[in-house]
Protein chains: 2
Amino acid sequence: MDRGEILAAPKNFEVLRELILERRRELPKRLAQVAAFALDHPDEIAFGTAASIAGAADVQPSTLVRFSQAFGFDGFSALQTVFRARLRERNSSYEDRLAELESGDAAPAGSAAILGSFIAAAHRSLDNLGTAIDPKRFESATITLASARTIHLIARRRSYPIATYMAYALSQLKIRCQIAGTASGIDDDLLAMADPGDAAFAISFSSYAPETIAQASALAARGIPIVSLTDSAFSPLAECSTVWFELVEADHAGFRSLSASMAFAMALAVAIAEERRRTQN
Amino acid sequence: MDRGEILAAPKNFEVLRELILERRRELPKRLAQVAAFALDHPDEIAFGTAASIAGAADVQPSTLVRFSQAFGFDGFSALQTVFRARLRERNSSYEDRLAELESGDAAPAGSAAILGSFIAAAHRSLDNLGTAIDPKRFESATITLASARTIHLIARRRSYPIATYMAYALSQLKIRCQIAGTASGIDDDLLAMADPGDAAFAISFSSYAPETIAQASALAARGIPIVSLTDSAFSPLAECSTVWFELVEADHAGFRSLSASMAFAMALAVAIAEERRRTQN
DNA sequence: CCGCGCGTAGAATAATTCTTCCAAATTCGG
DNA sequence: CCGAATTTGGAAGAATTATTCTACGCGCGG
């Protein structure tokens, strides 16, 4: 059996893929059959059971095990793990870079690795943003906010920078807005003056700031439409919102940047401006 | 057991998700816990085993089965199938969607297209960030700021949100910082108290805010090291800085989001904390 | 034409994983 | 404060799934 191949099992899908392509010709018939199937239907491998995959590829389950072992895996399950990992991290290229940076004993100094991680995390967040946001809801949020006389921005702590940015962008776009979250005392008074012709955009993540929730639901109770950005469908913000979006920022060691949220915020601001231009002219 | 719920198990993830959201209030504690976990970590459910998921969600495996049955499934496996199907679909259409987004103003409705453009722009910005930042300079910036007693954050207008975010992050990391840019009058006084043991991080883009430049150069003149983030080597900020970084955010129709800057800011904050931890312990 | 070796199928076995069940704990209504 | 109903934890068992093993078939060289 040992033709000198102590090849370590690749733990990265791309590498495995290359390896399979490379060795495809020299494999025996049934193993080649498995190889072809694996590259053509990676999802099937990721999710199926040995029996179901064997059926689909028209081989015996044991052939799958032998195939796996031929590539250095312990058994079929180990190989399957690689196929699953690929689906988990759905943007493989960025993920690779991250892995390189983190495992890189070429040791690009500590801080550079941290930067790399945050870049990778931001890429992931953006990908997630693209798939997680329902265009229709985005459209409807846009319309809601575009038809408001004044847009109230509600955010604290980690979300606060997003609100300040939107305040800046909206002002530039000549859209009236009012930011809550500065000097605690004044906020509530300002929000008390909000009338039903207004609308609010609230942002709150993770350990939800009580003031944000309180202010948002107070406005909601008075019939003011709320659009919100949060990180869980269970967020208390979601409850009182007319339209809400779930956005989970990927993290590096627990620290999250706001890259995707910023892209979202900016897109929303510009979309609102577009909508206004369209309807008012 | 039957409280009249002969509800058919949803076969499609979206429907299931809605159903979970709808019924979450009336669920008992542990089942609610599972519900939250399921919606927050759908991938985990898709891939894990009952035992591993139960561990992650901090419940018993049997609770997962009960949860599944409460939603009309035969058992946990049946529910898991729905989560897997979702990943499969998403993954297959993922390349398509990305292609749509990047090919620019293609099809999707107005506001969704805007969001897509901003996402694509943010991706480009991040790529650019990865290649444009010199690891050595990043390292040196980290060290400079890590050895400061207090870090002064200087930013206005469009850059201001970055400063507020860093202020938040640094506080969380127990690093003393002082933000300039709030009430104009006070800023200069606060900065006047800065001593040579401090350092500053200044951010300014494009049409450089005069106050930012003025404050940065005033500090520089007093021998306080300045790290800066700007968008051109010719920026007036670069002149008076000890270390500076050039970061150009890609734009959509002239509007820029701050995605890459946010990733940079967060990385810098964490790198500073790491550096402090390393040198002080 | 015969024997040798590699590859394969299929069943038996071993391991893992899901499900069921019941006692203990909790909650809710009286 | 008590009792009934519901929910929960945990472990035993049922089912599924992966792996191993042995015998058979096929091709190749002697």
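Just so it is clear: chains get the letters A, B, ... in the order the sequence lines come, proteins before strands, and each one is counted from 1. Predicted model, so just to flag it, every value in this text is computed and none were measured.
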Visitor: For the side chain of A:Val65, counting heavy atoms from C-beta on, which of D:dT20, C:dG7, D:dG9 is nearest?
Guide: D:dT20
Visitor: Output yes when at least one side-chain N/O atom of A:Gln33 is less than 4.0 Å from OP1 or OP2 of C:dT8, else no.
Guide: no
Visitor: Heavy atoms, side chains only, cut-off 4.5 Å: are B:Val59 and B:Phe67 in contact?
Guide: no
Visitor: At 4.0 Å (heavy atoms only), tell me whether B:Ser62 reaches a base, stays on the sugar-phosphate, or touches nothing.
Guide: base
Visitor: How long is the gap from NZ on A:Lys29 to OG1 on A:Thr63, to the nearest 0.5 Å?
Guide: 11.5 Å
Visitor: Kindly point out which of D:dT7, D:dT20, C:dT19 is positioned nearest to the side chain of B:Ser77?
Guide: C:dT19
Visitor: Can you tell me how far P of D:dG27 sits from CZ of A:Arg30, to the nearest Å?
Guide: 12 Å
Visitor: Could you list the residues that satisfy salt bridge (charged side-chain N to carboxylate O under 4.0 Å, His left out) with A:Arg158, not counting sequence neighbours?
Guide: none
Visitor: Tell me whether the OP1 or OP2 atom of D:dT20 has a side-chain N or O from A:Gln69 closer than 4.0 Å.
Guide: yes
Visitor: Report the distance from atom CG of B:Leu64 to atom P of D:dT7, rounded to the nearest whole Å.
Guide: 17 Å
Visitor: Please pick, from C:dG7, C:dT19, C:dC18, the nucleotide with the shortest atom-to-atom distance to any side-chain atom of B:Gln80.
Guide: C:dC18
Visitor: Mind checking whether A:Glu249 and B:Met262 have side chains closer than 4.5 Å, heavy atoms only?
Guide: no
Visitor: If you only use heavy atoms from C-beta on, which nucleotide in D:dG10, C:dC18, D:dT8 is closest to the side chain of B:Gln60?
Guide: D:dG10
Visitor: Has B:Arg66 got a side-chain N or O lying under 4.0 Å from the OP1 or OP2 atom of D:dT7?
Guide: no
Visitor: Does any part of the side chain of B:Thr81, heavy atoms only, come nearer than 4.5 Å to the side chain of B:Lys11, both counted from C-beta?
Guide: no
Visitor: Counting only side-chain heavy atoms from C-beta out, which of C:dC18, D:dA18, D:dT8 sits nearest to A:Ala50?
Guide: D:dA18
Visitor: Round to a whole Å and report the spacing from CG of B:Leu27 to C1' of D:dT7.
Guide: 12 Å
Visitor: Mind calculating the distance between NZ (A:Lys29) and P (D:dC28) to the nearest angstrom?
Guide: 12 Å
Visitor: Taking only the side-chain heavy atoms of A:Pro61 (C-beta and beyond), determine which of D:dT7, D:dG9, D:dT19 contains the nearest atom.
Guide: D:dT19
Visitor: Where the side chain of A:Thr63 is defined as all heavy atoms beyond and including C-beta, which of C:dA9, C:dC18, D:dT8 is the nearest nucleotide?
Guide: C:dA9
